[in-house]
Amino acid sequence: MHCILILSILISSYFSLPLLADGSSIGVNYGRIANNLPSAFKVVKLLKSQGIDRVKLYDTDPAVLKSLSGSGIKVTVNLPNEQLFHTARKLSYALTWLQKNVVVYHPKTQIEAIAVGNEVFVDTHNTTKYLIPAMKNIHKALVKFNLHNSIKISSPIALSALGSSYPSSTGSFKPELIEPVIKPMLNSLRETSSYLMVNVYPFFAYESNADVISLNYALFRENPGNVDPGNGLKYYNIFDAQIDAVFAALNVLQYNDVRVVVSETGWPSKGDSNEVGASPQNAAAYNGNLVKKILNNGGTPLRPNANLTVYLFALFNENGKVGLTSERNFGMFYPDMKKVYDVPFTVAGLKSYRDVPAPGSG
């Protein structure tokens, strides 16, 4: 009887764990701003062939969600910024959106999270004031459909949401965001056992400071490291330093119990002449060495046991993106599904992975 009671407690504890609590994992962002991408059906076959079991979308396209049905791949869907206004104003809008874009697919399509907006604070349409009401209405809609325990809500923020990020120990959110948005969002994440989604791009830190930051430091290669004068911790790559700045910002506001998921990170294989470091070799090194670090349960100096889930950006090169050349060349695959470069996505794939620096790099 005693053993049965213990077993019962263990089982109930297991099923009450928050999503993404299964250790460090790698996912990919499946963007589709292009006119030459393969069908969703072919994309799901590609994901499975690569051992990728998590994917993050930027919408709720029916063809994509139907193709993911029964695949065993965990899915994060997105409520786009342009729908925040209506979602914030009317609960009925949130209920209709959820019914149409989530309820009809779940659980055969394993939707595990909803990203409400994307980098809202830097949205040129000034949608920040709608974020918290929209998140609240989506949560109420999840409760209405009894999905609030199985589907989490978050909102990916850019690293620019921090007022200070270097050195890591000085990490803090922008003062003007803290009371109206950051604290209410963190309260919501805490109450629902959700996680803060953060987009980090060491490439941009490197290419704009290549005269003082070594390439090896950016690509997780051997280097002397940098000591943070504020906390005495030594950093050997930009990624850890950026994530620890986020952790420091959470600590300042006393939300150090809120988990962090890296919703976007990547490195372009091609760029304009002034985009220093954009190359297939460097992209392969960044993504490959990051996967190696994450799947070996590599936390950060500030949180060694962080068990990060990281979504690489992106699955494909997207020819419809505007701006610098790099914007169209973050993909790990060409639209014909051939690899832009070799990158492992699984522990098994790491066994044959070798990062070979080009002569003179670093």
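Between the side chain of N78 and the main chain of G117, a donor-acceptor pair closer than 3.5 Å is present. Using modelled atom types, no side-chain atom of D240 and backbone atom of Y236 make a donor-acceptor pair closer than 3.5 Å. In this structure a side-chain-to-backbone donor-acceptor pair under 3.5 Å is missing from K48 to V43. Listed for the S165 side chain is no donor-acceptor partner under 3.5 Å among the backbone atoms of A245. Although no hydrogens or angles enter the test, the distance criterion places no donor-acceptor pair under 3.5 Å between the side chain of D272 and the main chain of N274. A donor-acceptor pair under 3.5 Å is formed between the side chain of S71 and the backbone N or O of I73. Judged by distance alone, with hydrogens and angles left aside, the side-chain atoms of N137 form no donor-acceptor pair with the main-chain N or O of R89 at under 3.5 Å. A donor-acceptor contact shorter than 3.5 Å is absent between the side chain of S188 and the backbone of P184. Looking at N29, its side chain never comes within 3.5 Å of a backbone N or O of A314 through a donor-acceptor pair. Between the side chain of E318 and the main chain of I33, a donor-acceptor pair closer than 3.5 Å is present.
Taking CD1 from I238 and CZ from F220, the interatomic distance works out to 9.0 Å, rounded to the nearest 0.5 Å. One finds the OG1 atom of T300 at 8.5 Å from the CG atom of L233 (value rounded to the nearest 0.5 Å). Between the CD atom in E327 and the NZ atom in K270 there is a gap of 14.5 Å [rounded to 0.5 Å]. Taken from CG in L250 to CG in D244, the straight-line distance is 11.0 Å, to the nearest 0.5 Å. I138 CD1 to L147 CG: the interatomic distance, rounded to the nearest 0.5 Å, is 11.5 Å. With rounding to the nearest 0.5 angstrom, the CG atom of L253 is 6.0 Å from the NZ atom of K183.
In terms of hydrophobic clustering, with Ile, Leu, Val, Met, Phe, Trp and Tyr side chains grouped at heavy-atom distances under 4.5 Å, V246 and I178 are assigned to a common cluster. In the hydrophobic clustering of ILVMFWY residues, with side-chain heavy atoms under 4.5 Å counting as a link, V347 and V28 come out together. Cluster annotation: Y235 and Y166 are assigned to distinct hydrophobic clusters (Ile/Leu/Val/Met/Phe/Trp/Tyr, side-chain heavy-atom contacts under 4.5 Å, transitive). Note on L91: it clusters hydrophobically with V116, by side-chain heavy-atom contacts below 4.5 Å among ILVMFWY residues. Hydrophobic clustering, with ILVMFWY side chains joined whenever heavy atoms are under 4.5 angstrom apart, keeps V262 apart from V122.
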(message) Test side-chain contact (heavy atoms from CB on, under 4.5 Å) on M197 and S155; report intermediate values, then the result.
(response) CA-CA 6 Å; M197 292 179 172; S155 183; over 6 Å; no
(request) Verify side-chain contact (heavy atoms from CB on, under 4.5 Å) between F121 and S160, making sure each step is shown before the conclusion. (result) CA-CA 9 Å; F121 308 148; S160 58; over 6 Å; no
(message) Run the side-chain contact (heavy atoms from CB on, under 4.5 Å) test on V77 and N101 for me, step by step, so that the C-alpha distance in whole Å, both residues' side-chain angles and the decisive distance to 0.1 Å come before the verdict.
(response) CA-CA 9 Å; V77 297; N101 298 293; over 6 Å; no
(message) Does S164 form a side chain to side chain donor-acceptor pair (under 3.5 Å) with S172? I'd like the steps, not just the answer.
(response) CA-CA 5 Å; S164 173; S172 59; 4.8 Å; no
(message) Go through it in stages, so that I can follow the logic: the residues are N287 and M332, the test is side-chain contact (heavy atoms from CB on, under 4.5 Å), and I'd like the CA-CA distance, side-chain angles, deciding distance and then a yes or no.
(response) CA-CA 9 Å; N287 284 323; M332 294 173 286; 4.1 Å; yes
(message) With ring-ring contact (aromatic ring centres under 6.0 Å, His included) as the criterion, how do Y286 and F203 come out once you've worked through the C-alpha distance, each side chain's angles and the decisive distance to 0.1 Å?
(response) CA-CA 9 Å; Y286 178 79; F203 167 72; 9.2 Å; no
(message) With side chain to side chain donor-acceptor pair (under 3.5 Å) as the criterion, how do S263 and N199 come out once you've worked through the C-alpha distance, each side chain's angles and the decisive distance to 0.1 Å?
(response) CA-CA 5 Å; S263 38; N199 297 343; 2.6 Å; yes
(message) Under the criterion side chain to side chain donor-acceptor pair (under 3.5 Å), I'd like the reasoning laid out for T127 against N81: C-alpha separation, chi angles, the key distance, then a yes or no.
(response) CA-CA 7 Å; T127 51; N81 289 357; 4.5 Å; no
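Annotation: side chain of N118 is in contact with side chain of E264 (closest heavy-atom distance under 4.5 Å). Counting heavy atoms from C-beta outward, I114 and W97 have side chains that approach closer than 4.5 Å. With a 4.5 Å cut-off on side-chain heavy atoms, Q50 and K339 count as touching. Residues Y341 and Q281 fail the side-chain proximity criterion, which asks for heavy atoms closer than 4.5 Å. The closest side-chain heavy-atom distance from P167 to P229 is below 4.5 Å. Contact annotation: the side chain of L290 never approaches that of W267 to less than 4.5 Å [non-hydrogen atoms, C-beta and beyond]. Contact check for I153 versus Y195: no side-chain heavy atoms found under the 4.5 Å cut-off. L65 places none of its side-chain heavy atoms less than 4.5 Å from the side chain of K108.
A perpendicular orientation is assigned to the rings of H148 and H139, their planes being inclined by more than 60° (bins at 30° and 60°). Aromatic ring orientation, F85 versus Y130: perpendicular (interplanar angle above 60°, classes split at 30° and 60°). Using cut-offs of 30° and 60° on the angle between ring planes, the pair Y201 and F330 is perpendicular.
Looking at D342 and Y353, their side chains never bring a donor and an acceptor atom within 3.5 Å of each other. A side-chain N or O of T309 and one of S25 form a donor-acceptor pair less than 3.5 Å apart.
Other residues, nucleotides and ligands contribute at most 12 non-hydrogen atoms within 6.0 Å of the NZ atom of K292. The number of heavy atoms from other shown groups lying within 6.0 Å of CZ (F41) does not exceed 12.
Shown are H106, K152, R54, K74; of these, the side-chain hydrogen bond (donor to acceptor under 3.5 Å, both in side chains) with E112 is made only by R54.
In plain terms, the two heavy atoms of G51 and T346 that are nearest each other are O-CG2, 3.5 Å.
Salt bridge D228/K234: absent, no basic N to carboxylate O contact under 4.0 Å.
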